[in-house]
Amino acid sequence: MIKVYLPDNSFKEFEKEPTVLEVASSIGSKLAKDTIGARLNGDKEIIDLRSNVPADSKIEIITAKSVDGREVLRHSAAHVLAQAAQELFPGTQVTIGPVIDSGFYYDFYREEPFTPDDLKALEKKMNHLIKKNAAIEKRVLDRQEAIQTFKKMGEDFKVELIEGLPDSEEVSIYEQGGEWFDLCRGPHVQKTGQIKAIKLLSLAGSYWRGDETKAQLQRVYGTAFESKEALDEHLALLEEAKKRDHRKLGKDLDLFTFHNYAPGSPFFTAKGTTIYNKLVDYMREKYVKYGYDEVITPQVFDVELYHKSGHYENYKENMFFTDVDGREFSMKPMNCPGHCLLFGSKKKSYRELPYRMADFGRLHRYERSGVMHGLTRVRTFCQDDAHVFCRFDQLQDEIVELMKFLNEVYIELGMSEYKVFLSTRPEKRMGSEEIWDKAEGALEKALKALDIPYEVNEGDGAFYGPKLDIMFVDALKRDWQLGTLQADFNLPEAFDLSFVNSENTNERPVMLHRAILGSLERFFGVYLEHTAGRLPLWLSPMQVKVLNVSDVHAEFCKNLVNDFKAAGLRAEFDSRNEKLGYKIREAQLSKTPYMIIVGDNELESGKISVRLRSGEQKDNLDKQEFIKELKEKDLTRSLNL
RNA sequence: GCCCAUAUGGCUCAGUGGUAGAGCACACCCUUGGUAAGGGUGAGGUCGUGGGUUCAAUUCUCACUAUGGGCUCCA
């Protein structure tokens with residue numbers, strides 16, 4: 001029996017070594033017609049198509065369309081890039097070139113920086129190498145021989161890599177057309193020509209082994225596909241993402257802006273503020289339903305507070321400071337310490353627990369200059385933040401409630417796809433094993449009780465407790481971290497918080513940090529990209545635009561707008577002296593959900609004519625009924641127009 | 001913080017060693033026009049900030065700031 005492992009980790013068994021056709025027919029449609037190949041060696045009991053095997057093979061099999069196939073192809077493309085770089089720019093040292101989510105990159109060491117023109121030249125050279133369809137051959141080297149070889153070539157990084165390989169691992173190189181080779185464990189495609197379509201995307205700086213103190217490298221990003229069509233499809237997706245970029249939408253739709261004087265700090269325009277406030281209103285309503293008390297806490301604290309909470313020692317680099325009256329103050333980077341002070345300001349009974357304290361307080365965090373990004377990474381923001389103080393035995397129920405709350409919100413916002421990650425105890429942590437067991441158990445049990453699938457990130461928790469991170473998957477299938485839920489045994493201790501239990505003795509509460517939308521700024525940006533700026537009615541800054549065909553219809557329009565306003569809807573009359581088509585175009589570009597067109601017909605009939613953002617047209621509607629309908633949709637936060 | 005790139009009217013961008021141009025937006029006029037751009041006229045810029053080179057800098061150069069692509073970071 002010979003076991004053949006397929007690229008998707010499944011396997012098939014064969015009596016004897018199979019031929020291409022036999023393997024192909026056994027896995028049916030999974031075998032794409034343009035296979036990109038991995039080599040097989042017949043004298044094995046197990047044939048592993050998940051990785052490469054020595055050269056004298058008879059069949060090739062990895063399907064190009066399988067994810068693994070693409071990975072192999074992209075990794076080979078990275079090698080071709082490295083060859084191109086070294087041929088075009090002698091003296092360039094190679095380092096590593098792994099496959100990433102939707103492509104690959106290669107890090108080079110070179111004094112001279114690559115320019116955008118170099119990128120084009122590299123791409124051209126790569127296509128040339130691909131066209132040559134050179135064979136890619138694996139060769140196993142003796143470790144010392146390998147070290148000597150790379151040393152002689154001046155490839156210091158490769159030498160370091162080999163020296164770091166465990167003794168058990170063989171040292172192999174892959175040769176391309178006998179003229180170039182790179183240290184690699186494979187696998188690779190058999191011939192460069194199997195890389196059908198490549199594109200170099202961008203240049204960036206990076207560090208050797210991701211270490212800021214080590215050599216600065218130049219990273220070239222690219223992607224590769226099994227066909228031109230697949231590449232084009234991918235590029236179209238990138239194009240779409242660019243169109244949806246919230247920074248662009250923010251400008252186009254006049255929602256927010258930035259200024260040199262306040263790096264990383266958005267100004268929300270009146271329109272943007274409408275959206276922002278609607279989100280806050282929404283969460284406030286939910287707080288009533290889920291039993292939260294909203295509070296307001298100070299913005300600036302004596303740093304003594306942060307010494308107490310541990311933030312000064314652990315988070316100083318991210319805080320803004322100011323000296324007044326000879327005292328050192330800091331803008332709050334998070335609400336929790338303040339909430340602890342507030343909780344401790346008055347004796348609490350167990351009857352008051354769980355105590356859920358919500359706060360839309362503005363936070364300031366100093367982010368390093370290179371990390372700011374639109375609304376998704378800012379220096380000032382506000383979270384839909386809350387801290388729940390409860391007894392340990394209430395933890396699990398609280399978490400269940402929180403996840404229900406979160407799910408409800410995400411569904412109502414049309415964000416039904418999200419992933420949950422459970423981060424467990426890190427190496428550096430506080431608290432006993434027993435407490436950690438219980439806390440992790442509570443999180444896990446809650447997820448199970450709700451039948452929520454999740455992944456575990458071992459050792460990724462905060463030092464004060466385990467956490468759940470919610471990754472929202474947007475319309476373009478990109479992940480965004482929004483919500484978070486963290487158990488904390490540290491702060492209640494640091495602030496010596498307690499409540500009086502039923503036995504009339506003091507007991508320490510557990511604290512839960514949680515945010516559902518995360519930061520409102522970040523959520524704003526992510527939601528814009530998710531919806532491509534086509535916000536639901538209730539969040540649209542302008543809900544209805546009334547457009548007149550000519551001046552004689554203006555009076556009717558004015559009255560109409562007033563009717564909408566009286567119903568609590570946001571409407572405006574575009575009375576400008578422009579043609580209808582022009583006004584429609586503009587309303588359309590501003591992504592206003594409804595346009596109402598008023599001309600002679602409407603004046604005569606008294607009915608109204610509505611054009612939806614989708615282009616759909618509804619004529620002869622009764623005015624009052626339509627207003628009623630919109631009002632209903634606005635109040636219920638309907639996602640449909 | 002690091003590497004690279006960018007910075008020109010509100011926006012999108014062209015351009016030049018002799019202090020600037022387009023389209024859109026804006027204002028006014030003509031046009032009264034039925035579902036994605038009617039026409040004309042006009043106003044608007046010390047070309048990111050500060051040095052340097054030069055007879056002369058928006059243009060070359062250096063520094064700084066901001067933004068962008070990444071790295072790193074993200075309690």
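For the numbers below, each heavy atom of this structure counts, side chains included, while hydrogens, waters and symmetry mates do not. In this text, all values refer to a predicted model and were calculated from it rather than measured experimentally. Order of the sequence lines sets the chain letters (A, B, ...), proteins ahead of strands, with each chain counted from 1.
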Which of the following nucleotides, [options], is nearest to the side chain of [X]?
X      : options             : result
A:Y464 : B:U32, B:A75, B:G34 : B:A75
A:V371 : B:G69, B:U72, B:A75 : B:U72
A:D551 : B:G33, B:A75, B:U35 : B:G33
A:Y582 : B:C26, B:U32, B:G70 : B:C26
A:Y366 : B:A36, B:G1, B:G38  : B:G1
A:Y315 : B:G70, B:A75, B:G34 : B:A75
A:R377 : B:A36, B:C73, B:U67 : B:C73
A:L589 : B:G38, B:A36, B:C71 : B:A36
A:R368 : B:U32, B:G38, B:U72 : B:U72

> Between A:P113 and A:V552, which is nearer to the 5' end of RNA chain B once each is assigned its nearest nucleotide?
Replying inline: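 The residue mapped nearer the 5' terminus is A:P113.
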> For RNA chain B, whose closest nucleotide is more 5', that of A:S550 or that of A:M372?
Replying inline: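 Comparing both residues, the 5'-ward one is A:S550.
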Using Watson-Crick or G-U wobble geometry with both distances below 3.5 Å, tell me the partner of [N], or none.
N     : value
B:G1  : B:C71
B:A27 : B:U41
B:A66 : B:U6
B:A22 : B:U12

Just call it for [X]: base, sugar-phosphate, or nothing, with non-hydrogen atoms closer than 4.0 Å on any strand.
X      : value
A:R576 : sugar-phosphate
A:M595 : nothing
A:D600 : base
A:E616 : nothing
A:Q617 : base
A:R611 : base
A:S202 : sugar-phosphate
A:G465 : nothing
A:G370 : base
A:G461 : nothing
A:D252 : nothing
A:S609 : base
A:H311 : base
A:G581 : sugar-phosphate

Using a cut-off of less than 4.0 Å, is there contact between a side-chain N or O of [X] and OP1 or OP2 of [N]?
X      : N     : result
A:K251 : B:U12 : yes
A:Y221 : B:C71 : yes
A:H373 : B:G69 : yes
A:R247 : B:G69 : yes
A:Y105 : B:C71 : no

>> Taking side chain to side chain contact (heavy atoms under 4.5 Å, CB included) as the criterion, tell me which of A:I275, A:T269, A:T592 meets it with A:P541.
In response: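 Running side chain to side chain contact (heavy atoms under 4.5 Å, CB included) over A:I275, A:T269, A:T592 with A:P541 returns exactly one hit, A:I275.
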>> Using 30° and 60° as the class boundaries, would you call the ring planes of A:Y105 and A:Y221 parallel, tilted or perpendicular?
In response: tilted
Looking at [N], does its base get a donor-acceptor pair with the side chain of [X] below 3.5 Å?
X      : N     : result
A:Y207 : B:C2  : yes
A:S206 : B:U72 : no
A:E602 : B:G34 : yes

Take atom [atom1] of [X] as the centre, draw a 6.0 Å sphere, and report whether it contains more than 12 heavy atoms from other residues, nucleotides or ligands.
X      : atom1 : value
A:E160 : CD    : yes
A:K591 : NZ    : yes
A:K125 : NZ    : yes

Integer-rounded Å distance: [N] [atom2] and [X] [atom1]:
X      : N     : atom1 : atom2 : answer
A:N260 : B:U67 : CG    : P     : 7 Å
A:L201 : B:G70 : CG    : P     : 10 Å
A:K583 : B:A25 : NZ    : P     : 14 Å
A:E578 : B:G39 : CD    : C1'   : 11 Å
A:L491 : B:A75 : CG    : P     : 15 Å

> Thinking salt bridges, do A:E529 and A:R478 make one under a 4.0 Å N-O criterion?
Replying inline: yes
Are the aromatic rings of [X] and [Y] close, with centres under 6.0 Å apart?
X      : Y      : value
A:Y106 : A:F104 : no
A:Y312 : A:F321 : yes
A:F495 : A:F343 : no

